[in-house]
Amino acid sequence: MSTAATHEITRDDATDPSGPNGRIPEFRLIGRGHRAVEQAGRPDARLYSATEFLDRAERISPAFWQDTVLPLLRRSASEQVASRLTAAARRARANSRLYGVRTPGSAEVATEALFDGHLVRPREEFRSRAGVHRQLQLLRQSRARLRLGLPLFSRKPVSPVKNRGPYPDLADIASLLRCYELAAVLSRSYDEEVEFLVFADGVKYRRACGTGLPRVRDYQEALRFWCEQLGIGGLVKVVDYEEAVRSALGGEATDRREERYRAYCALLRSGHDGLFDPRDPAGSLAAVRQASAEGEQLDFTFRSIASSVHYRAEDLGARLARHEDEASHRYLRYLAGLLESGPSADALHAELRAEAWQAAIRYVAISLTDRELDVWSVINPAGVKLTTHGKPGEIEIRPTRSRYLSMTAQHCTGGIKRTPTGNKVTYSYRLEYESRGDVPLLLDPPAGDRAAGPLPAPLRGMLEAQQPICYLTPDDGPAWETLGECIVDF
């Protein structure tokens, strides 16, 4: 993966946070976590108490999940691969004039696969078919592998609005399978080797959100576990983003990256800290937004990141991780009133807003740093970059089937609902499931199964954390008589 033992950072002064011509590089906005704040403020928003959660929860055997549910998910993915490959070949024939060929070959079909509306959101203004086609032709001529890179799957944040534990659940499993579908279609249409690299960036964004390193590492290891269980590890590989950066840049350049990051933090604080008032968030954020282009970035990021910070005040983050009812209720009230000004009924709110503000500064700082240094071109040279939020030079992937295009598995919880055409995976916040009375499904081995041996670490961790693998609509029980017909669409 590394292109050299070290990679030179071309700017002479690593502490100067300005980009070319003294300008800060353009920043692309992160996903809209604003919706989590909106959901927290709904009149019907509620979370189950710890007791109610266990009373409502239903249980199935981990063995059933692994031996029955996962193979059915994989079979559904394989059927989708065959369908998408046929569709890509059909579009390649229809677009043969665009490619200047009479009979489409591997580069043409592979290009169409990367513009499949089922798996990506085609946006020609960011990456054109012609441009992607040229890239694939050049790779093919040099007999080079096609390497897809996707920065995603950071961690499950400590947020009772979004999830009830640190491990990947059905949403993440289904999202990994969607990555596999794209990789598998390409591997069957492209002449050379195909590799889909998930650059899990939880360690990178720990700088901003303060998520504990064990939580991030456990999440990454569990992603690899599910790839192995699904049999997709040959195509889809989970790589730690920060390890890839260190390997590609080398020690000295990595240190200079950290210096640049700290310089950006200082610059953003010096220009904007004095404008933000945690007791008047709406009014002060308006002033921040009007102060500069970077102020607009900070305003947006504050609203998005508030539902993902591991809060230190009154040890709130640790208490949320332990599912303490009082802590969850205070957190929910805080998010619902995130932008409310004036005296708060809870003095903790101002402290939490101050933490979220500093998290926003750190998030923007590391994002600007890596964009200015063009770190991506170093860790995935000549590869195709995928993204969940469209940006020039990148292909926007649809990692979930949520109707909210910016929803990612790491920021939600998986569910299963019955439809006239079969059971389907849903991608929603924990708050949404519990507000409407859905049923948590725990992987809990019967006593006889437990005697057979220890559970794999991710399953044991979910059981100990009392984290559901998904939620079920309350159609029937128990557990829909052990998930009749299982899952047909994700």
Is the shortest side-chain heavy-atom distance between [X] and [Y] below 4.5 Å?
{"X": "I60", "Y": "L443", "result": "yes"}
{"X": "L431", "Y": "R42", "result": "no"}
{"X": "P278", "Y": "W357", "result": "no"}
{"X": "K156", "Y": "R164", "result": "no"}
{"X": "R74", "Y": "I232", "result": "yes"}
{"X": "L54", "Y": "Q466", "result": "yes"}
{"X": "I173", "Y": "V425", "result": "no"}
{"X": "L332", "Y": "V161", "result": "yes"}

Does the [X] side chain pair with the main chain of [Y], one donor and one acceptor, at a distance under 3.5 Å?
{"X": "D169", "Y": "G414", "result": "yes"}
{"X": "Q410", "Y": "S154", "result": "yes"}
{"X": "R312", "Y": "G317", "result": "no"}
{"X": "R121", "Y": "R398", "result": "no"}
{"X": "R224", "Y": "V238", "result": "yes"}
{"X": "T387", "Y": "E394", "result": "no"}
{"X": "Q467", "Y": "Y167", "result": "yes"}
{"X": "T254", "Y": "L249", "result": "no"}
{"X": "E434", "Y": "Y48", "result": "yes"}
{"X": "S435", "Y": "R46", "result": "yes"}

Begin from the C-alpha positions of L114 and V120 and carry the test side-chain contact (heavy atoms from CB on, under 4.5 Å) through to its verdict.
CA-CA 7 Å; L114 286 167; V120 305; 5.7 Å; no
Check the pair D116, L182 against side-chain contact (heavy atoms from CB on, under 4.5 Å), reporting the backbone distance first and the verdict last.
CA-CA 9 Å; D116 187 334; L182 180 56; 6.0 Å; no
Once salt bridge (Lys or Arg N to Asp or Glu O under 4.0 Å) is applied, do any residues pair with [X], and if so which ones, sequence neighbours excluded?
{"X": "R56", "answer": "E52"}
{"X": "R207", "answer": "E242, E258"}
{"X": "E432", "answer": "R35"}
{"X": "E79", "answer": "none"}

Residue pair [X] / [Y]: nearest heavy atoms and the distance that separates them:
{"X": "F153", "Y": "A409", "result": "CE2-CB, 4.5 Å"}
{"X": "F199", "Y": "A244", "result": "CE2-CB, 3.8 Å"}
{"X": "A40", "Y": "A45", "result": "O-CB, 3.8 Å"}
{"X": "A365", "Y": "L268", "result": "N-CD1, 3.9 Å"}
{"X": "A77", "Y": "L177", "result": "CB-CD2, 4.0 Å"}
{"X": "P151", "Y": "W376", "result": "CD-CH2, 3.7 Å"}

Does a side-chain N-to-carboxylate-O contact under 4.0 Å join D370 and R257?
yes
Less than 4.0 Å between a side-chain N and a carboxylate O, is that true for R217 and D240?
yes
Out of curiosity, [X] [atom1] to [Y] [atom2], how far, rounded to the nearest 0.5 Å?
{"X": "F300", "Y": "Y363", "atom1": "CZ", "atom2": "OH", "value": "9.5 Å"}
{"X": "W226", "Y": "L459", "atom1": "CH2", "atom2": "CG", "value": "5.0 Å"}
{"X": "C209", "Y": "R215", "atom1": "SG", "atom2": "CZ", "value": "11.5 Å"}
{"X": "Q66", "Y": "Q229", "atom1": "CD", "atom2": "CD", "value": "4.5 Å"}
{"X": "D218", "Y": "L213", "atom1": "CG", "atom2": "CG", "value": "9.5 Å"}
{"X": "R155", "Y": "S308", "atom1": "CZ", "atom2": "OG", "value": "5.0 Å"}

Have [X] and [Y] got a donor and an acceptor in their side chains that come within less than 3.5 Å?
{"X": "T421", "Y": "T419", "value": "yes"}
{"X": "S307", "Y": "H411", "value": "no"}
{"X": "E372", "Y": "Y264", "value": "yes"}

Residue set satisfying ring-ring contact (aromatic ring centres under 6.0 Å, His included) with Y433, at least two apart, ordered chain then number -> Y471
Partner residues of Y180 under the ring-ring contact (aromatic ring centres under 6.0 Å, His included) criterion, sequence neighbours left out:
none
Looking at R436, I want to see if its CZ is surrounded by more than 12 non-hydrogen atoms of other residues, nucleotides or ligands under 6.0 Å.
yes
What residues, two or more places apart in sequence or in another chain, satisfy side chain to side chain donor-acceptor pair (under 3.5 Å) together with [X]?
{"X": "Y331", "value": "S159"}
{"X": "Q358", "value": "R269, D273"}
{"X": "N163", "value": "none"}
{"X": "E314", "value": "R330"}

Where at least one partner belongs to residues 275-285, residue pairs that pass salt bridge (Lys or Arg N to Asp or Glu O under 4.0 Å), sequence neighbours excluded:
D277-R279
According to the salt bridge (Lys or Arg N to Asp or Glu O under 4.0 Å) rule, which pairs have a member within residues 281-293, sequence neighbours left out?
R289-D299
Looking at V288, I361, L339, which hits side-chain contact (heavy atoms from CB on, under 4.5 Å) with F302?
L339
Show the numbers, then the answer: is there a side-chain contact (heavy atoms from CB on, under 4.5 Å) between Y241 and V375?
CA-CA 10 Å; Y241 178 92; V375 168; 3.7 Å; yes
Stepwise side-chain contact (heavy atoms from CB on, under 4.5 Å) test for I395 and F126:
CA-CA 7 Å; I395 294 174; F126 291 154; over 6 Å; no
